Protein chains: 2
Amino acid sequence: MSARGRSRPTVAVQLREEIRTLIAELGLVAGDRVPSEAELVDRFSVSRPSLREALKLLEEDGTLLAVHGRGRFVSGRAMLSVERPITHFESVGAMAAACGYSLSSRVVGFETVPATERRAAMLGVEDGAPLLAVARIRGHEGRDLVYSLDLIACEGLGAIGEAADWADSVNSALVLRGIEPVMARAAASATHLPTEAAAKHGLEDFGPALLIEETAYTATGRAVLHSLVYHRGDAFRFSFARTPNAR
Amino acid sequence: MSARGRSRPTVAVQLREEIRTLIAELGLVAGDRVPSEAELVDRFSVSRPSLREALKLLEEDGTLLAVHGRGRFVSGRAMLSVERPITHFESVGAMAAACGYSLSSRVVGFETVPATERRAAMLGVEDGAPLLAVARIRGHEGRDLVYSLDLIACEGLGAIGEAADWADSVNSALVLRGIEPVMARAAASATHLPTEAAAKHGLEDFGPALLIEETAYTATGRAVLHSLVYHRGDAFRFSFARTPNAR
DNA sequence: TCTTGACAGACGTCTGACAAGTTAAGATGG
DNA sequence: CCATCTTAACTTGTCAGACGTCTGTCAAGA
């Protein structure tokens, strides 16, 4: 399965967004009834099956609740909508930009290390296999906001290049090598920076950090990147929705 | 919108589960091609539109990826599955139990306070309206693991009762009063305990805390509880999946 | 006042047809 | 023999139309 994207969204996907917009325009809130299928078919000039497919997407993502014989209703879930939730896969740079930070980045570590047993398991490589370790500090207006350590499996990577190639975005550097991380499995906890890193890079006043440790995968499920990202506690706040059936 | 459930699942919902089972039975993993629509129609003896609706559910929940003209494939998203992700709405006690902690709880603050402007907005009450503030410390085997402050709108609450009524679970206490929180909008950040709280309750060695600040809602979208929950950094780790289309 | 039946509205499911994208096999030309 | 083009087959995407089932409302009858 090559990672070729679709050039044009299907009617169903497009409609899903248009219905979302309509719900907002009509000012519908949790419990309110959505226009009927017949009305929506007229309004959007599409066939009923296509509309139903779009509605199915919205039912599955928790926006709508269908009741046979009565209609569809806005689910309370819709009001939990969060722009760029913690569950959104994106680069640290993009995330920070959305928070109003323009991050400049410097590489403070760039070496090849053998994979520990744990890291090997995370990245699906052999114990002891070579990993590229990139340590970076990113900041905004002279203030350090993020310390991160990225571990990339060298296997299949091709030429490693120079530290500067990886300074701004490890994701982008991987994409340039034909490896596109698109999703990740992550865990968050509160901690301090590693003592050694703090001392070595003058980060003693970093304060509590929100550590997100994550393994990133390509669309085909190949693990390509293991990151430990320490976000300065007083600079970042990650939003998300909590629901009973979240998986 | 009454919470009356449907007595019989639709064909689409039923099929969704049957297709999931089939994928597992066929041993399909990320990137593998799923049988075509025609094949599935034959196999499950349903109409094609119904099948497509079921497939739409699976596409929306990230299990499948459809490519026009080529077929559908098992998405790598399935491998990000996390048991009890941070996005799962549940009580702190239930979450901690899943982490192997049996929390005992003590109330260290119990009073009615007027809502600040921010809190009033969070809870959909008037500025200055009375809120019940419940401060608790929860621990396991003599070690304090969670400090929390819960703010509940007094309006519609009925009798407040005693502190002991709210000691174990604010959620449960609310349910007993006919108010069922079922979902929340939350944000996480790394911080220290409030200085005053730490000093007052002997929590100076709590260390970095993962603060989850959340507003809980009923199914109809009514905000009923605003909580600040400080999780001891070295005791808790919150997992989640990150995908490009996460909202 | 309560029960039952009819009716309208709404979702659920099906059949059939055509459109658009992909791939593999066969034909053709160099 | 190899490269390129064409075509048919396969697959998903979309549409039109019809019928089935469920829900709520209203009217009539007991």
Side-chain angles (χ1 to χ4, degrees), chain A residues 1-19 22-23 26 28 31-75 219-220, chain B residues 1-19 22-23 26 28 31-75 77 245:
Chain A
M1 180 175 85
S2 75
R4 229 176 356 185
R6 177 177 173 81
S7 56
R8 208 169 27 126
T10 61
V11 167
V13 169
Q14 214 170 336
L15 257 185
R16 181 184 63 189
E17 302 311 317
E18 285 173 25
I19 294 169
L22 178 66
I23 289 171
L26 295 179
L28 301 183
D32 287 348
R33 193 167 165 292
V34 173
S36 69
E37 292 179 3
E39 285 173 288
L40 293 172
V41 161
D42 284 344
R43 178 185 288 259
F44 293 113
S45 298
V46 293
S47 76
R48 190 169 162 228
S50 293
L51 174 78
R52 286 183 57 84
E53 287 187 20
L55 292 170
K56 275 291 176 292
L57 295 178
L58 290 164
E59 285 162 34
E60 182 64 24
D61 86 0
T63 302
L64 299 182
L65 180 70
V67 183
H68 190 178
R70 295 182 57 208
R72 281 181 179 84
F73 303 85
V74 176
S75 163
T220 57
Chain B
M1 181 178 82
S2 74
R4 226 173 2 180
R6 175 175 173 84
S7 56
R8 207 167 27 125
T10 60
V11 166
V13 170
Q14 214 171 336
L15 258 183
R16 181 185 63 188
E17 302 311 315
E18 286 173 26
I19 294 170
L22 178 66
I23 290 172
L26 296 178
L28 301 182
D32 287 348
R33 193 167 165 287
V34 173
S36 69
E37 292 180 3
E39 286 171 290
L40 293 172
V41 161
D42 283 346
R43 177 184 290 259
F44 294 113
S45 298
V46 293
S47 74
R48 190 168 160 229
S50 294
L51 174 78
R52 287 182 58 83
E53 287 186 18
L55 292 171
K56 275 291 175 290
L57 295 178
L58 290 165
E59 284 161 33
E60 183 64 24
D61 87 358
T63 302
L64 299 181
L65 179 70
V67 183
H68 189 178
R70 294 182 59 206
R72 283 183 177 83
F73 303 85
V74 177
S75 164
R77 170 66 178 81
N245 64 349

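These numbers were taken from a predicted model, which means no experiment stands behind them. Letters A, B, ... are given to chains in the order of the sequence lines, protein chains preceding strands, and every chain is numbered from 1.
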Between [atom2] on [N] and [atom1] on [X], what's the gap in Å once rounded to a whole number?
X: B:Leu40; N: D:dT11; atom1: CG; atom2: C1'; value: 12 Å
X: B:Leu15; N: C:dG12; atom1: CG; atom2: P; value: 14 Å
X: B:Arg16; N: C:dG12; atom1: CZ; atom2: P; value: 13 Å
X: B:Leu64; N: D:dG13; atom1: CG; atom2: P; value: 11 Å
X: A:Leu65; N: D:dC22; atom1: CG; atom2: C1'; value: 15 Å
X: A:Arg33; N: D:dT23; atom1: CZ; atom2: P; value: 14 Å

Donor-acceptor under 3.5 Å (B:Ser75 side chain, B:Leu65 main chain): no
No-H, no-angle donor-acceptor pair, B:Arg48 side chain to C:dG16 base, under 3.5 Å: no
N/O donor-acceptor pair, side chain A:His68 with base C:dC11, under 3.5 angstrom: yes
Dot-bracket notation for DNA chain D, counting Watson-Crick and G-U pairs under 3.5 Å, with | for partners on another strand: ||||||||||||||||||||||||||||||
Flag side-chain contact, heavy atom, 4.5 Å: [X] against [Y]:
X: B:Phe73; Y: B:Val34; result: no
X: B:Val11; Y: B:Phe44; result: no
X: B:Leu22; Y: B:Leu40; result: yes
X: A:Arg72; Y: A:Arg33; result: no

Sugar-phosphate only, base, or nothing, as touched by B:Arg72 at under 4.0 Å among non-hydrogen atoms: sugar-phosphate
All side chain to side chain donor-acceptor pair (under 3.5 Å) counterparts of B:Glu17, not counting sequence neighbours: B:Arg20
Closest contact, heavy atoms only, B:Thr63 versus B:Asp61: OG1-OD1, 2.6 Å
Residue-level proximity of residues 49-58 of chain B to DNA chain C when a heavy atom falls under 4.0 Å: B:Pro49, B:Ser50
Residue pair B:Glu53 / B:Ser50, side-chain donor-acceptor N/O under 3.5 Å: no
Qualifying residue, where the test is side-chain contact (heavy atoms from CB on, under 4.5 Å) with B:Glu60 and the options are A:Lys56, A:Glu59, A:Arg16: A:Arg16
Minimum-distance nucleotide to B:Ser47 side chain [options: C:dT13, C:dG12, D:dT11]: C:dT13
Under-4.0 Å side-chain N/O to phosphate OP1/OP2 contact, A:Arg70 with D:dC22: no
Residue whose closest nucleotide on DNA chain D lies nearer the 5' end, A:Gly69 versus B:Gly69: B:Gly69
